Protein chains: 2
Amino acid sequence: MARDDAAGRNLAWTDPNCPVARAVDVVGDRWSLLIIRDAMDGARSFTDFQQRTGIARNILADRLRKLVAHGLIAQVEAPTGKRRVYALTPAGKDLFPVIVTLRQWGERHAYDAGETHSVLVDDHGAVVPPVVPVAADGRPLTSDTTTVRKPA
Amino acid sequence: MARDDAAGRNLAWTDPNCPVARAVDVVGDRWSLLIIRDAMDGARSFTDFQQRTGIARNILADRLRKLVAHGLIAQVEAPTGKRRVYALTPAGKDLFPVIVTLRQWGERHAYDAGETHSVLVDDHGAVVPPVVPVAADGRPLTSDTTTVRKPA
DNA sequence: GGCAAAGAGTTTCAAATTGCAACCGACTGG
DNA sequence: CCAGTCGGTTGCAATTTGAAACTCTTTGCC
């Protein structure tokens with residue numbers, strides 16, 4: 001088990017044809033998405049990630065290694081010429097819609113009335129509206145109005 | 001650790017104010033999202049989930065219990081009056097945008113050129129376009145044009 | 001330059017989680 | 001009413017996780 005291909009991808013999925021399964025294989029654990037979240041929020045250094053997430057240091061080292069191996073994060077020279085820092089790659093930044101939808105789901109379903117939580121605001125200071133999948137013609141879609149078409 | 005509150009929620013988060021953390025706490029493991037995915041795709045029975053995901057039976061039992069406890073799935077009388085089946089609650093169905101964005105990320109970043117995968121189509125048979133977070137005025141947003149505002 | 005402190009991991013070991021396979025009672029179909 | 005199927009549970013073995021201490025490298029500063 002835990003066989004990896006040349007790109008470091010695990011090959012023992014239930015269904016290799018399902019992009020959801022492959023995505024979960026990369027970020028479907030307790031910490032990876034929180035690391036990505038913090039990277040989007042400005043975290044750059046090892047201890048920065050460690051303190052924000054509270055993850056154990058050995059696990060953090062392991063997750064950062066995997067995220068780098070999967071191409072979501074890269075170690076780059078710090079702009080200030082100091083220590084190398086972790087930065088999101090385009091693939092990592094592309095998880096933004098996932099983080100936002102997860103956040104919005106959490107806001108709707110993981111808080112009791114009266115509990116407070118942080119909110120996502122845009123560069124004008126306005127709250128980001130709910131993200132909703134739509135058809136090409138603009139109709140909102142749900143799990144009831146979509147189906148998965150298997151490859152030919 | 002692993003203390004739970006009355007609603008079965010774990011209370012040992014890094015940041016209780018972060019909805020992303022709370023969402024991950026519920027569905028941030030290797031299997032929960034795949035179970036939700038299969039439920040959206042029509043899975044109803046225990047063995048149905050087991051065969052589609054390939055998850056170990058004891059773990060599946062545990063995950064279904066937790067998802068029921070968290071209110072994402074409910075056990076309901078089968079329409080046919082037979083065995084009880086698992087069905088998504090509104091909160092479970094509301095994960096649709098998360099599943100879709102994860103799927104789309106997977107399609108973009110977890111496949112080599114030439115590899116095939118399933119695609120999500122709407123009820124007209126058209127492929128679901130990329131889901132992108134937008135500001136109230138319609139501008140597309142990214143992690144660079146948004147920030148998290150902590151509660152007062 | 002020299003030194004103390006901080007950063008970035010690594011190591012060690014215990015505890016928790018996973019996975020497999022076998023087992024079991026309830027339901028159902030014929 | 002008998003044979004399968006369903007929906008789990010149980011007992012381990014194998015992994016994974018987590019906490020804490022330890023090491024090596026960089027930095028800040030005088």
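The shown structure was predicted, so the numbers you read here are calculated from the model rather than taken from an experiment. Hydrogens, waters and symmetry mates are skipped; everything else that's a heavy atom, side chains included, is used.
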Find the distance [X]:[atom1] to [N]:[atom2] and express it as a whole number of Å.
{"X": "B:I35", "N": "C:dT18", "atom1": "CD1", "atom2": "P", "result": "11 Å"}
{"X": "B:Q50", "N": "D:dT5", "atom1": "CD", "atom2": "C1'", "result": "14 Å"}
{"X": "A:L60", "N": "C:dT10", "atom1": "CG", "atom2": "P", "result": "11 Å"}
{"X": "B:L34", "N": "C:dT18", "atom1": "CG", "atom2": "C1'", "result": "15 Å"}
{"X": "A:R52", "N": "C:dG7", "atom1": "CZ", "atom2": "P", "result": "14 Å"}
{"X": "A:D29", "N": "C:dT17", "atom1": "CG", "atom2": "P", "result": "15 Å"}
{"X": "B:F46", "N": "C:dC27", "atom1": "CZ", "atom2": "P", "result": "17 Å"}
{"X": "B:D62", "N": "D:dT9", "atom1": "CG", "atom2": "P", "result": "9 Å"}

- [ ] Using five base pairs at each end, measure the axis-to-axis angle across the helix from C:dG1-D:dC30 to C:dG30-D:dC1 and round it to 10 degrees.
- [x]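 End axes: 40° apart.
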
Task: Cationic tip of B:R44 above B:Y86 ring, under 6.0 Å, 45° of axis - done: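 Judged by the rule (NZ or CZ under 6.0 Å from the ring centre, within 45° of its axis), B:R44 is not positioned above B:Y86.
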
Does the side chain of [X] get closer than 4.0 angstrom to OP1 or OP2 of [N] through an N or O atom?
{"X": "B:T47", "N": "D:dG7", "result": "yes"}
{"X": "A:W31", "N": "D:dG18", "result": "yes"}
{"X": "A:R44", "N": "C:dA8", "result": "no"}
{"X": "B:Y86", "N": "D:dG8", "result": "yes"}
{"X": "B:R63", "N": "C:dT17", "result": "no"}

Open item on the list: Ignoring hydrogens and geometry beyond distance, is the side chain of A:R57 in donor-acceptor contact with the base of D:dA19 at under 3.5 Å?
Closed with: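 Check fails, no donor-acceptor contact within cut-off.
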
Open item on the list: For a quick check, tell me whether the side chain of B:N58 and the base of C:dG19 share a donor-acceptor pair closer than 3.5 Å.
Closed with: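 A donor-acceptor contact between them is present.
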
- [ ] Using a 4.0 Å heavy-atom cut-off across all strands, classify B:Q75 as base, sugar-phosphate, or nothing.
- [x]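 It contacts sugar-phosphate atoms only.
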
Task: B:R83 side chain, from C-beta outward: closest of D:dT27, D:dT5, D:dT9 - done: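 Among D:dT27, D:dT5, D:dT9, the one nearest the side chain of B:R83 is D:dT5.
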
Task: Selected nucleotide, minimal atom distance to A:A61 side chain, candidates D:dG8, C:dG9, D:dT17 - done: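 Of D:dG8, C:dG9, D:dT17, C:dG9 is nearest to the side chain of A:A61.
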
So does [Y] get a backbone contact from the side chain of [X], meaning a donor-acceptor N/O pair under 3.5 Å?
{"X": "A:T47", "Y": "A:Q50", "answer": "no"}
{"X": "A:H109", "Y": "A:W105", "answer": "no"}
{"X": "A:Q104", "Y": "A:P129", "answer": "yes"}

Task: Salt bridge flag under 4.0 Å for residues A:D41 and A:R37 - done: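 No, this pair does not count.
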
TODO: Quick one: list whatever passes side chain to side chain donor-acceptor pair (under 3.5 Å) with B:N17, sequence neighbours left out.
DONE: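 For B:N17 there are no side chain to side chain donor-acceptor pair (under 3.5 Å) partners, ignoring immediate neighbours.
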
TODO: Measure the shortest side-chain to side-chain distance between A:I99 and A:L33 over non-hydrogen atoms and say whether it is less than 4.5 angstrom.
DONE: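 Yes, close enough: below the 4.5 Å cut-off.
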
Open item on the list: Nearest 0.5 Å, please: how far is NE2 in B:H117 from CZ in B:R103?
Closed with: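 Taking CZ in B:R103 and NE2 in B:H117, the distance rounds to 8.0 Å.
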
